[in-house]
Every structure is written in structure tokens, then in C-alpha cells.
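Just so we're clear, the structure is a prediction, and the values are computed from it rather than from any experiment. Hydrogens, waters and symmetry mates are skipped; everything else that's a heavy atom, side chains included, is used. Every chain is numbered from 1 and lettered A, B, ... according to where its sequence line falls, protein lines coming before strand lines.
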Protein chains: 2
Amino acid sequence: MGRIAEAALLQLAARALVSHGVPLADAERTARVLVTGDLLGVHTHGVERIASYAARVASRGVNPNPRIAVERPAPALVKVDGDNGLGPVVAMWALDEAMSVARELGVGIALARRSNHLGAVAPYSLVAAEAGFASIIASNASTTIAPTGGREARLGNSPIAFCVPNPAGRPFLLDMALSVVARAKIRDAARRGVAIPDTWATDREGRPTTDPKAALEGVLLPAGAHKGYGLALAVDLFAGLLSGGEYLTHVRSWADEPDQPSGIGHFFVLLDARRLGSPEWLAARMGDFASILHATPPADPSMPVRVPGELELDKLERRRREGLDIGDAVLEKLRVLSAS
Amino acid sequence: MGRIAEAALLQLAARALVSHGVPLADAERTARVLVTGDLLGVHTHGVERIASYAARVASRGVNPNPRIAVERPAPALVKVDGDNGLGPVVAMWALDEAMSVARELGVGIALARRSNHLGAVAPYSLVAAEAGFASIIASNASTTIAPTGGREARLGNSPIAFCVPNPAGRPFLLDMALSVVARAKIRDAARRGVAIPDTWATDREGRPTTDPKAALEGVLLPAGAHKGYGLALAVDLFAGLLSGGEYLTHVRSWADEPDQPSGIGHFFVLLDARRLGSPEWLAARMGDFASILHATPPADPSMPVRVPGELELDKLERRRREGLDIGDAVLEKLRVLSAS
């Protein structure tokens, strides 16, 4: 079976990267981000990515030994040049910088450019929350979404996460991308030969479609129509345009051009919640906030109302105790990679 | 007809507030925010609100002479206690504080509590953009939206705006609330006796409905389903919970309890874009960003792809030249209010 303990998976994932020329500390850092993705149940942003990370390092599409450069153009503002390093390496660097500024000034913003795929955003949010920071973290991405009213992809399915720590319990954790569904869900429907709702994607003429095969030739639709479109653009402006990185169609797809730098950018807004009140004050408010939501009469009595992040944090706790099931194929591939 | 020049409308709106006991400077500030709402075409957040603002001041539901208190718990972080003043007065105060901090440190966050309805968010975003700041601004609101899977309103239709300045042209301006549509659209459908899409609202049992009358007894649905729900909660956490203000069901509805403080909170993230590069650098990138979107092949050839804010800024420019048509009834009401 594919079940493996967290520590063993961390080691295996790091070894796979080290064997492709990534320095140990960077490999461990990257493994930590991806394994946290798996712990949260976001397997599409978990260790199954190691294979493509390793391949891109091998082809020098990603720089395994980046010289990450940090500028501080203003006291509360940091710019990070990732030198085309692995996304999790650059992003953790930028997060550390933003936390350090926020510890000093209460607030810190870091803008990172010349980075790559950073995995899921939630692992960074959790690192910040454990250190006492509320955060808004986002990344741009290569183009898969058409603008509202357009029929060609012009923007990425950018993820954005909002997280607020809770000194006495679970943080609020919202990590979402801005399409209605991930492309993987449409591929799955195509494989199973079932129709999809016409709100998920368009065909290649820009018309909404229920045919998953036609949808795979078209583009993803943003969540909430023009609202998701606008929000994805906002992320791209802060993470890509203002960071000095690439944006919109300038971001390269690592599926189509794996040997080229992606030019992806990230942004991190960190707020030190300890400056706002005592841990008891924050814990009481966060507990009350969740209680009000949990007490909502559910539409379906068997489905209680949830606070974002709860299901994922349930999984994380269980898997930390019981190990992860990431599937035999992924595990076997990791073993091969780490031995090569 | 209801057409009136901007300057005349500003004066009329301010006079209506002054005649209800609002100091002149605060009345002018509030009028400026609401008239900008009208200029942008957001009439539901324009001068038609003056009547309810004046009524709440008259009933002492809102404090016409607030002692706004500012704390700076950390160098880049400001907390504003609005003392139950008019929303635009408190919000402009907090925005000024955040801009002043961001001018000094590159980044500033202001959290405002004990405020009231602030009008649309876009007017604040535009003030910030004209002064050279990129911004994320949001407010919580009294409960009209049910959590995903719930059948009672537990959170507000909170607005959030993202804005990036363009030194050589129009800013990017996204101002949105987090329901699929505003309640006013459902009331309109009920009046006209037409069905609504089942994605807009639920009936009072929490079931999606196409009957606008049933929808008015139910709750609004968030845009993008659980994504809009999560985002509305994130806004409430930053604007309400972290600010020390009210949140979720603790925010009072000024329709149901007009003589009580709303307890609304706002948050302002300001980033001084001039610290990131020259005006020419930013203008070139903003121009390129818009061009890429405009060049997208449209699904319908008669409907070119738009960048968020363009239609609203078109209206604003035209109305600044030609005057505003806000309707005879609203204008007449303002005249009565300003004479009373």
C-alpha cells in the first residue's frame, strides 16, 4: 500500500531532490511544503510534484543553486529575486523575510519574482499562523483561464490564501484557486465519460460546454464569473506586476516550456496578531467566530456547516498520527527518483 | 429631470447632513464618498443613502460628533476607534492614517472598528490610487448571507476592493461584494414577476429557488459558492474580528435597529507603489497588462473584453463633464433634507 509515515515521506521526498542536485537544506524545505500539501489532502500540490520539480532541475529549467537576492526598498517592504529557484525555496525565503519585517514593524509585505510553482499556499499560511501572524498570501500562475467574455486563456488559476491564527485552537485557513474547478476534475470527467456542469469551462470557441473533452480544448471559467476573473487579476497585479515579475501571458507554462524559467511571482502580507491583543483575547474571539458558524441550522441535517480549513486540518492531524496514503505509484516513483 | 452637476450635488448632499447636525468638514467628506459612488454608477451606495444617514444621526443611532481615537500598536499598524461616527468619516480617517504610515514605511495597515456603513469601497481606493498607493480595502456588513450548507444568514455581504494605480492612465479597480447578486436585483425581479436563476438565493428552508418572492424570505448565496463564503469570512476576520470590532451576527443591521450602533469594521492595506519603481516603469507595465486583456478574442465579437473598473471609470469621467442623473425623487428628497 502507499501508506507512509510523515517523517519517512519527508526524508524520501528530500532525497529525491538531493539526488537531482538540490542542496539538502533546500530539498528539505521543499519536501516540507509538498508533504504539508499531502497532509492537508491537496495531493495535486503534494509530493507527486517532485517528479516534475526534479525533471526541471535536471533540464536546468529551474536553478538548483539560486542566489536569492533581497532588497528592502522601504522599511516594511521587501522585494525578493528568486533567481529562478524552486518555488518553495523562494517562497519560504520571502515568507521568512515578511515575517521578520512584521515582527519588527507589526506589518510586512514581501513581493517575490523570478520564482516557480510554489506548491499549495496553505503550508505557508500555517507556518505564519504558528508563528502568530495573520496573512494574505498569493501567487500568480501560467495561463489557463479566459477573461470574462473572452475565449483564450490570458490569466492563471492563481491561488490566494487568507489565514488568521488561533492561539487556543485551529486557525482560520482559506486557500483557494480562482477557477470554478481544477482542470484535473475535468480530465477525470472525460476519463469517466460523464457530462460536466456548463459553469466549469468553455469549448475552444468560448462557449460554455457540458462535454469534458470539448472543455479540455477550451479554457477554465473563473469562480463567481466576473468576480473570480477580477480577483485572479488582482492577484496577478500584486504577485506579478508589482513584484517586478512576469504576469498574464508573460508567465511561462512549465508543461509547455519545461526548460524555461516560469517567471512566477508571489506576494505575502503578514500582520503580527500579537500586536492587536493578548492570546486570550484572540482565542476567545476566534472560538466565538467558529461557534457562530457551527451553530447555523444546516440545509441538510447530516451536513453541519463548516469553517474553511477545518476538513483539511482534520486530515492533517489524522495523517500526522496515522501516516499518509499517497498511492503506490507516487511512492514507487519517489523511490526511483531518490535512488537515481 | 434629475441631472445635476457634480459640484452642486456635493454641496446639496453636504448641506443635507449639516442640517442634521453633522459638522461641515465631515459632511463634505461624506458627500464626496457618496457622490463618487454615484459618479461610478453605484447608485445604491450614492447620495440616496443620505436620507438614512441623516435619519440615523437624528435618532442618535450614529454619532454626528465622534471622537475618533487612533492607536499605533506597532510602527506599520494603526487601530482606529470610530466612536460610532458616520462610516465615510471613520473610513476616510483610517485611510488617511494608513496612507501616512505607508508613505513613511512603504506599507501601512489600518483596522477600524465602531464604524458604520461606509458607502462603496471604490471611492477610497481611488483616493489611494491618486496618491500613488496600491490598496486592498474591505468592510464587514450586517448579516444577509448564509454559510455554505446553512439556511440562516450568519455573515454580511462584505465588499472588498483591490486597486493598483497607473501613473499614465486608469487604475485597475475591482470593487465587489461577495454575494452572487445584490438583494436589490431580487427585489426588482419580484416587482417584475420574473423568475431568477437558482444560483442567487435560497428560500427560507435553505433550498435554492427561482422564485424571487421566496428568495426574499431566504438568504443570499455567495459568489463562487464556498469560495465566496470563505472570502466573505476572511474579510470579516480582518475587518471585524482583528480590528476589535463586531463580526458575523454581532454586527447590527441598521435596517432592523436604526437607533443602535452597527459596530461595523473596515481594513485598509496600503502599499506605496513609488517604492517599487519609477512612474514610467509602472505606467508601462499597467498599459501592457490592460493591452493583453483587451486583445483577447471575445466570445461575442460585439463585446470586447474589459478590465475591471473600466466601465465605472468611463461613467465617472463622463458624469464629471456632463453632470449626473440621479433621478428626480432622490434629488427632491435631498432638497427637502437640506432645507430641514
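- Contact of L233(B) with chain A is made through backbone and side chain together, with heavy-atom distances under 4.5 Å.
- Interface summary for chain B: among E71(A), E205(A), H226(A), M286(A), the most heavy-atom pairs under 4.5 angstrom belong to M286(A).
- By the 4.5 Å heavy-atom criterion applied to side chains, L276(B) and L111(A) are counted as neighbours.
- Counting only heavy atoms from C-beta outward, the side chains of P297(A) and R154(B) approach each other to under 4.5 Å.
- Residue R207(B): no heavy atom, backbone or side chain, is found under 4.5 Å from chain A.
- Side-chain atoms of R275(B) and P75(A), non-hydrogen and from C-beta on, do get closer than 4.5 Å to each other.
- Options V101(B), L174(B), L248(B) differ in how many heavy-atom pairs under 4.5 Å they form with chain A, and the most are formed by L248(B).
- Considering only heavy-atom pairs separated by less than 4.5 Å from chain A, the leading option among I160(B), T202(B), L293(B) is L293(B).
- By number of non-hydrogen pairs under 4.5 angstrom with chain B, the leading residue of A153(A), G150(A), A102(A), G106(A) is G150(A).
- Contact annotation for E104(B): only backbone heavy atoms (N, CA, C, O) come within less than 4.5 Å of a heavy atom of chain A.
- Between chain B and the options D272(A), L231(A), V269(A), L282(A), heavy-atom pairs under 4.5 Å are most frequent for L231(A).
- Partners of Y247(A) under the ring pair (Phe, Tyr, Trp, His ring centres under 6.0 Å) rule, at least two apart in sequence or in another chain, are H250(A), F289(B).
- The CD1 atom of I109(A) sits 7.0 Å away from the CD1 atom of I136(B) when rounded to the nearest 0.5 Å.
- When all heavy atoms of A234(B) and F172(A) are compared, the closest pair comes out as N-CZ, 3.9 Å.
- Note: G245(B) leads G245(B), S243(B), A273(B) in heavy-atom pairs under 4.5 Å with chain A.
- Legend: residues meeting ring pair (Phe, Tyr, Trp, His ring centres under 6.0 Å) with F238(B), ordered by chain and number and at least two apart, are F267(B).
- For the residue pair A223(B) and K227(A), the shortest heavy atom distance occurs at CB-CD, 3.8 Å.
- Only the side chain of K79(B) comes within contact range of chain A, with heavy atoms under 4.5 Å apart.
- Put simply, of D288(A), T199(A), V180(A), D236(A), the one with the most heavy-atom pairs under 4.5 Å next to chain B is D288(A).
- For the set G277(B), A295(B), G149(B), G224(B), the count of heavy-atom pairs under 4.5 angstrom toward chain A peaks at G149(B).
- Options L155(A), V164(A), L237(A) differ in how many heavy-atom pairs under 4.5 Å they form with chain B, and the most are formed by L237(A).
- Closest heavy-atom contact between G230(A) and P308(B): CA-CG, 3.9 Å.
- In this structure, L77(A) and L105(B) have side chains that are not in contact, with every pair of non-hydrogen atoms separated by 4.5 Å or more.
- The residue among L242(A), L271(A), T249(A) with the most heavy atom pairs within less than 4.5 Å of chain B is L242(A).
- Rounding to the nearest 0.5 Å gives a distance of 13.0 Å between OH of Y229(B) and CE of M176(A).
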